[in-house]
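None of the values given here were measured: they were computed from a predicted structure.
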Amino acid sequence: MKQASFQWQLPLEEGLPETFIQVLDEKKIPRSLGQLFWNRGLQTAESLEVFLNPSLEQLHDPFLFFEMEKAVERIQQAIINEERILVYGDYDADGITSTTIMKETLENLGADVAFYLPNRFKDGYGPNQAVYEEKIAEGIQLIVTVDNGVSGHEAIAYANTQGVDVIVTDHHELPDVLPDAYAIIHPRHPEGAYPFGELAGVGVAFKVACALLEEIPTEFLDLVTIGTIADMVSLTDENRTLVSFGLQSIKQTERIGLEKLLEVSGVSADKLDETSIGFSIGPRLNAIGRLEDPNPAVTLMTTFDDEEAEELAGRLDRINTRRKDLVEVITEEAMAMIHPEDRIHLIAGDNWHEGVLGIVAGKILRATGKPTIVLTKKENGLAKGSGRSVESVNLYEMLNGMRQLMTSFGGHHAAVGLSLEIENLSILQEQMNHYMDDHQLTGGMHLTIDSKLAVEDVSVAFIESLKLLAPFGMDNPLPNFLFEKVAVSNSRTIGANNQHLKFTLTDTVSQLDGVGFGFGAQAQEFHSDELNVVGQLSINEWNGKRIPQLMLEDYQINTLQVFDYRAKKYQQALHFTEPTLFVSFSDKAAQRWEAKLNQKVTIVSDNAPFDGDAHTAIEQVVFLDCPLELAIMKEIVQSLQASRVYILCQAEDDAYLDGIGSREQYAKLFKFIASQDKVDVRYKLSIVADYLKIPQKLLIFMIQVFSELGFVTITDGVMRKVDNPVNHPLTESRVYQERAKKIKIEEFLLLSDLATLKDWLSV
């Protein structure tokens, strides 16, 4: 058996109301999608209409924000008075696009405006008092933050002492006490009543632009879309409308920098969608802020110079490549430092690049299913980094109760940033483990499954119809489909390091190609004829053909698994993280395997019968060699109630290969012995084997048979013929009988296919 990596959440199987089916028919929505719409809360004609046909008229009035009017009046006053305005942003894609929108809006209104994105390593996140001091000294008279500010108490308080107003526009978690800013524009302001609280920072900046310009500036929809998708906010309501129109806007964008960024990303504008934004454009904008000064990214988004745009786009692409390399190296190192018994992973390494630790934490979270914090140890005695969590564990809430251990801390439910003294790492780990136990939190990751499908239900037309639900994102994800009890064929690893998996799902009548990114190491699991597989559907366009394809998300196997480890290459892969019972049926072989594997090997023989009660916690067994009785293997599997069986079954003496010896071979040996007075088999056995053209291991066996039947004697390694021996059939020899039985057992275990072995073990 193979447990799923996620906790699967299956939809309720309930029939759709007739009234809803009528709505589907009226709107010409395929009935096959009806359950998907229903499960996402789109259960009326009105909600479907708004969802399927978004309109810019659906956007909420920006003056519904608390203090929006006050903020607009102050900015207008600054423009009239020719005050110098600073747009203070953030170093990620949301902050870059937010800064660009606010800068261009103010410039369009004739403002004297500058911008600044803090350096992650020098300035940290949010308002930095030293930067405020510097900018105010340079003559800044009004500061407008975008995508930050609600936690900037000290810097904002300083600005107030200098007579400089600060207008905060932000969307992050609100602290218990808000800073004393001139105005705070936030969709979830405690004194406000804005209808939609899930805007990204760029969405908030866009609403300020709407208020200042007194119209919807559609030329900014491209930037809103990039920032909204990259920041992974809820893609519902207002965000869905903005992204729906923004994707079309990007296809006709006049931003030279964005065009060049699309080019280096390998994204074709006519095929651009939310996925290509999330996996190509967003990461390149994020990368520069993770590794370097992010300010050139705003220049890229605003430049009118072709050469500058091309140079900056290429630079962002190179930085992103370096970012990916760093993530790969640090992830590998961090995975090796995991302690499986910890309820939450707290991993700290030396001199890791802090700009990518959030990505590393996310990768480890996905690989292990546990909340993960990854930190780098710095020379000043601090460990600094980021954490990522699952839905069931509010990482911010947990760590907020442990603030006394940290020198800095911030974030939200699923992601945090923190630093603490290195000497407090073990204390923090202990307290987090206790917190998980005390609150009875499992920490597992959930995977929502939208529907069950049969392989035969999948077609290009069906996948095309799913686009009615797009654009996909948080709270409106690409549907996950469950395929139950399917077989896998043509499974093979692909990629430079064989890290990915390509396979074909089959049922009784149909096939479906599949790809599992990052599943290459689990290729052996897919040699099965009964899996439950969850994934997302896409269309693979290749060589002019369009073929349905499954993108693997997770899988489970609920039946006994039998793995073929009979090839020599697998003898180097017998190292498992799960509790494993290694079984040998020979004392000599067991000693050799223990030395080779550095693992305890359990010997099962007539003198050492198997004791299942001694191994109750083990569900995985490896048979290293072949038994003398087939039934004992089945007894071991059933006694353990094993779910995973590895068949190595190495043949010690090649019985099934060399056989039992032919009549001619025995006659040849008998004739040879009769012609010799004596033969020293200790030293001349190989010479005799070559002379008789009989394999050496078989020759040893044949001599043992002759010895048992009284045809020869062997004393101190010297073999002598017996004069006038009593004639016995070879079959009377116990050695002969055991080898005949052994050959049949080895032939069955070493030559049978996995399906046959699985059926035999399962009965």
Side-chain angles (χ1 to χ4, degrees), residues 565-572 584-596 601 603 605-607 623-630 647-752:
Y565 269 48
R566 291 174 289 190
K568 284 189 175 181
K569 63 180 180 178
Y570 291 116
Q571 295 178 24
Q572 308 301 321
S584 175
F585 302 97
S586 159
D587 291 351
K588 183 178 178 182
Q591 292 176 4
R592 183 170 59 82
W593 279 111
E594 282 190 341
K596 185 175 183 178
V601 174
I603 302 170
S605 65
D606 291 340
N607 297 326
F623 291 111
L624 297 167
D625 45 41
C626 297
L628 287 176
E629 296 288 344
L630 269 177
I647 303 292
L648 184 71
C649 289
Q650 189 175 76
E652 292 295 313
D653 55 7
D654 296 334
Y656 86 102
L657 288 176
D658 294 340
I660 203 164
S662 67
R663 191 177 194 85
E664 290 75 14
Q665 287 173 318
Y666 281 103
K668 190 185 294 185
L669 175 61
F670 192 84
K671 184 178 179 181
F672 173 78
I673 293 171
S675 68
Q676 304 292 319
D677 182 42
K678 61 181 179 180
V679 179
D680 190 338
V681 292
R682 290 172 300 181
Y683 304 112
K684 297 185 178 181
L685 188 66
S686 61
I687 298 173
V688 175
D690 289 341
Y691 174 75
L692 296 175
K693 294 183 171 54
I694 297 175
Q696 187 168 323
K697 288 183 180 180
L698 175 59
L699 179 61
I700 293 171
F701 160 71
M702 293 169 64
I703 292 173
Q704 288 173 340
V705 172
F706 276 12
S707 175
E708 185 182 1
L709 294 177
F711 298 162
V712 298
T713 61
I714 300 176
T715 305
D716 295 331
V718 177
M719 179 176 66
R720 290 182 172 87
K721 66 182 178 181
V722 174
D723 294 327
N724 302 315
V726 177
N727 190 27
H728 292 284
L730 296 175
T731 52
E732 286 187 8
S733 165
R734 180 185 57 82
V735 174
Y736 188 96
Q737 293 168 5
E738 287 182 354
R739 186 174 177 94
K741 182 194 297 185
K742 190 173 187 180
I743 288 173
K744 288 185 178 180
I745 291 172
E746 289 184 1
E747 284 179 341
F748 176 73
L749 292 175
L750 296 174
L751 300 182
S752 297

Q) Does one side chain, of Q704 or R739, offer a donor that lies under 3.5 Å from an acceptor on the other? A) no

Q: Hey, could you give me the CG/CG distance between L699 and L669, rounded to the nearest 0.5 Å?
A: 6.0 Å

Q | Stepwise side-chain contact (heavy atoms from CB on, under 4.5 Å) test for D658 and F701 | A | CA-CA 10 Å; D658 294 340; F701 160 71; over 6 Å; no

Q | Least distance between heavy atoms, V712 atom then I703 atom | A | CG2-O, 4.2 Å

Q: Rounded to the nearest 0.5 Å, what's the gap from CD1 on I700 to NZ on K697? Could you check?
A: 8.5 Å

**Q.** Heavy-atom closest contact (L749 atom, C626 atom, distance)
**A.** CD1-SG, 4.0 Å

**Q.** Euclidean distance, L750 CG relative to I743 CD1, rounded to 0.5 Å
**A.** 12.0 Å

Q: Evaluate the ring planes of F623 and F585, with Trp represented by its six-membered ring, and classify them as parallel (under 30°), tilted (30 to 60°) or perpendicular (over 60°).
A: parallel

Q | Pairwise distance CG(L730) to CD1(I660) - rounded to 0.5 angstrom | A | 8.5 Å

Q.
Keeping E746 on the side-chain end and A651 on the backbone end, is there a donor-acceptor pair under 3.5 Å?
A. no

Q) In Å, rounded to the nearest 0.5 Å, how long is the span from CG of L698 to CG of L657? A) 11.0 Å

Q: Quick one: closest heavy-atom pair of S584 and D625, and the distance?
A: OG-OD2, 2.6 Å

(Q) Below 30° counts as parallel, above 60° as perpendicular, anything between as tilted: where do the rings of Y666 and F706 land? (A) tilted

(Q) Let me confirm one number: the OG-CH2 distance from S586 to W593, rounded to the nearest 0.5 Å. (A) 12.0 Å

Q: Check K742, K741, R734 against E738 for a salt bridge (charged side-chain N to carboxylate O under 4.0 Å, His left out) and give me the one that passes.
A: R734

Q.
When you measure from the side chain of E747 to the backbone of Y656, do you find a donor-acceptor pair of N or O atoms at a distance under 3.5 Å?
A. no

Q | Non-hydrogen atoms of F711 and V726 that approach each other most closely | A | CE2-O, 3.4 Å

**Q.** Considering all heavy atoms, the nearest I694-M702 contact
**A.** CG2-SD, 4.0 Å

Q: Kindly indicate whether the side chain of F672, heavy atoms from C-beta on, has any atom under 4.5 Å from the side chain of V679.
A: yes

Q: Check the surroundings of atom CG in L628: do more than 12 heavy atoms from other residues, nucleotides or ligands lie under 6.0 Å from it?
A: no

Q | Inter- and intrachain pairs under side-chain hydrogen bond (donor to acceptor under 3.5 Å, both in side chains), touching residues 686-695, at least two apart | A | none

**Q.** side-chain hydrogen bond (donor to acceptor under 3.5 Å, both in side chains) contacts in which one or both residues fall within residues 669-682, not counting sequence neighbours
**A.** D680-R682

Q: For residues A590 and I603, report the shortest heavy-atom separation together with the two atoms involved.
A: CB-CG1, 3.5 Å

(Q) With side-chain hydrogen bond (donor to acceptor under 3.5 Å, both in side chains) as the rule and sequence neighbours excluded, what pairs involving residues 716-730 come up? (A) H728-E732

